[in-house]
Amino acid sequence: MGYIDLKYKPTENDVVCSFYLEPSPGVTLTKAAEDIAAESSIGTWTEVATMSDRIRKLGAKVFSIRNNIVKVAYPEELFEKGNLSQILSSIAGNIFGMKAIKNLRLLDIEFTEGLVRSFQGPEVGLEEVREITGVYNRPLLGTIFKPKLGLTPKEMEVQAHVIYSNGIDWAKDDENLASMKFNKFEERAQRMLGVVDRIYSEEGRRVIYAPNITGPLDKMLERAELVKELGGRCIMVDVLTVGWSALQYIRKQNFGRIVHGHRAMHAALTRNKKHGISMMVIAKCSRLVGVSALHTGTVFGKMEGGKEDVSKLNEFLKSDFYGMKKVMPIASGGLHPGLVPKLYNALGNDLIINFGGGLWGHPQSPAAGARAIRQSLDAALKGISLAKYAESHEELRAALKKWV
Ligand code: CAP
Ligand code: MG
């Protein structure tokens, strides 16, 4: 049965997926495209007796094949509203393993309005992040505690006061810090949020601590509840290792917290340009299930991802999406003060800039690291070159000497 209709024009009731497709040797592009449309909608490898005209109408349609880019329209009825797992099991499921394809990459999904509106989206979005922090006219400056594992809650507590009071707005746990012998979640949350309150009483600044609640769902709910009880404004989750269903359940609780989304493991899906799932798809899914802020790449840091890709992701997170709240992009990975003006010019104001090694590795001290970061942003905002600004700012000077 035909899944190819190059004359078809998708309607507003179609979900449209774009794929990069390379067929296996001996298979035509058209045949491979047809197999994908079948397997990801209603079909299988052979005609079945239970097929009917009514069911045939639900079949996906390949409506464009240009070079290796294939576009497929799926009737909205194929999908359960509010069920991201089911949607991905269809359009990003079995098809990646089919023998007919050599490579397949899901580049983008254009959801229908009805499907987008069936998801809750962020409870706390970009605008509320601005309101909570009271910082509007510059990027927020964040840090990841390093070493990524091993510090005790007490050590983090001491360092947290140092870095917040030297200009850091946002401190997060690393993605693999959960609740281990050397650092139990409960004690860490108590101590760290105590520092957040101290900074508020000392300076009137509302700084953020993003404790990583990642774990089994029951534990995540307990940890989020504790953060709420302690007055914390944010929870951090590793979106991919935790899974969409768990994220949806967390969102459903209306905890009223910022959800800091770390994307650990994304590159297993996103990195191969010919196969897998694009980061754009992961960003869209993250927004649907209610992430408030999401790691999207740095352009200039240690992680893969160029300016065009990262800018597109950030633009999507901040664009209109059928009225759904916006998501704050996060740049993280290999950043240091020498990169801040470039980053600011490339990615703009609505951004959290995160420094791990680029703060804790400052040659003088973590306090100097925090100050150097703030100085580099001040220079960027004032349009003064780092070299010039460093003449009168010694912490910045030391950072540039080490890293540039
Ligand atoms: C950054 C980081 C983040 C990466 C992940 C790390 O530390 O904590 O996990 O940013 O990449 O462990 O590498 P550094 P992305 O600042 O010391 O590099 O945000 O692109 O997903
Ligand atoms: Mg990390």
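In listed order, ligands and their atoms are each counted from 1.
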Tyr209-Asp173 side chain donor-acceptor pair, cut-off 3.5 Å: yes
The closest protein heavy-atom partner of atom 13 (O) of ligand 1 is Lys302 NZ, 2.4 Å
for atom 17 (O) of ligand 1, nearest protein heavy atom and its distance come out as Gly357 N, 2.7 Å
Heavy-atom proximity to atom 2 (C) of ligand 1 ranks first, among Arg263, Lys146, Met303, Lys148, for Lys146
Assess whether a salt bridge exists between Lys31 and Glu34, defined as any Lys/Arg side-chain N lying under 4.0 Å from an Asp/Glu carboxylate O. no
The Mg ion (ligand 2) -> Glu175, closest N, O or S atom is OE1
A student checking ligand 1 against Ile144 at a 4.0 Å heavy-atom cut-off should list atoms 1 (C), 7 (O), 8 (O), 16 (O)
*State whether a side-chain donor-acceptor pair under 3.5 Å links His295 with Glu175.*
no
Q) Looking only at heavy atoms of Gly334, does any of them come nearer than 4.0 Å to an atom of ligand 1? A) yes
Closest to atom 19 (O) of ligand 1 among protein heavy atoms sits His295 ND1, 2.6 Å
Subject >> Min N/O separation Gly297 to ligand 1 under 3.5 Å >> reply: no
Any side-chain donor-acceptor pair under 3.5 Å between Asn83 and Gln86?
no
min-distance protein heavy atom vs atom 3 (C) of ligand 1 -> His262 NE2, 3.6 Å
Residue, atom and distance of the protein heavy atom nearest atom 16 (O) of ligand 1 read Gly356 N, 2.8 Å
Exercise. Does any donor atom in the side chain of Thr133 or Trp170 lie under 3.5 Å from an acceptor atom in the other side chain?
Worked result: no
Heavy-atom nearest pair, Pro337 first then Ala399, reads CG-CB, 3.9 Å
For the Mg ion (ligand 2), the nearest N/O/S atom on Asp174 is atom OD1
**Prompt:** Is a donor on one side and an acceptor on the other found under 3.5 Å between the side chain of Thr112 and the backbone of Leu115?
**Reply:** yes
Under 4.0 Å between heavy atoms, the region of Asp174 that gets near ligand 1 turns out to be side chain
### Message
Would you say NZ of Lys284 has more than 12 non-hydrogen atoms from neighbouring residues, nucleotides or ligands within 6.0 angstrom?
### Response
yes
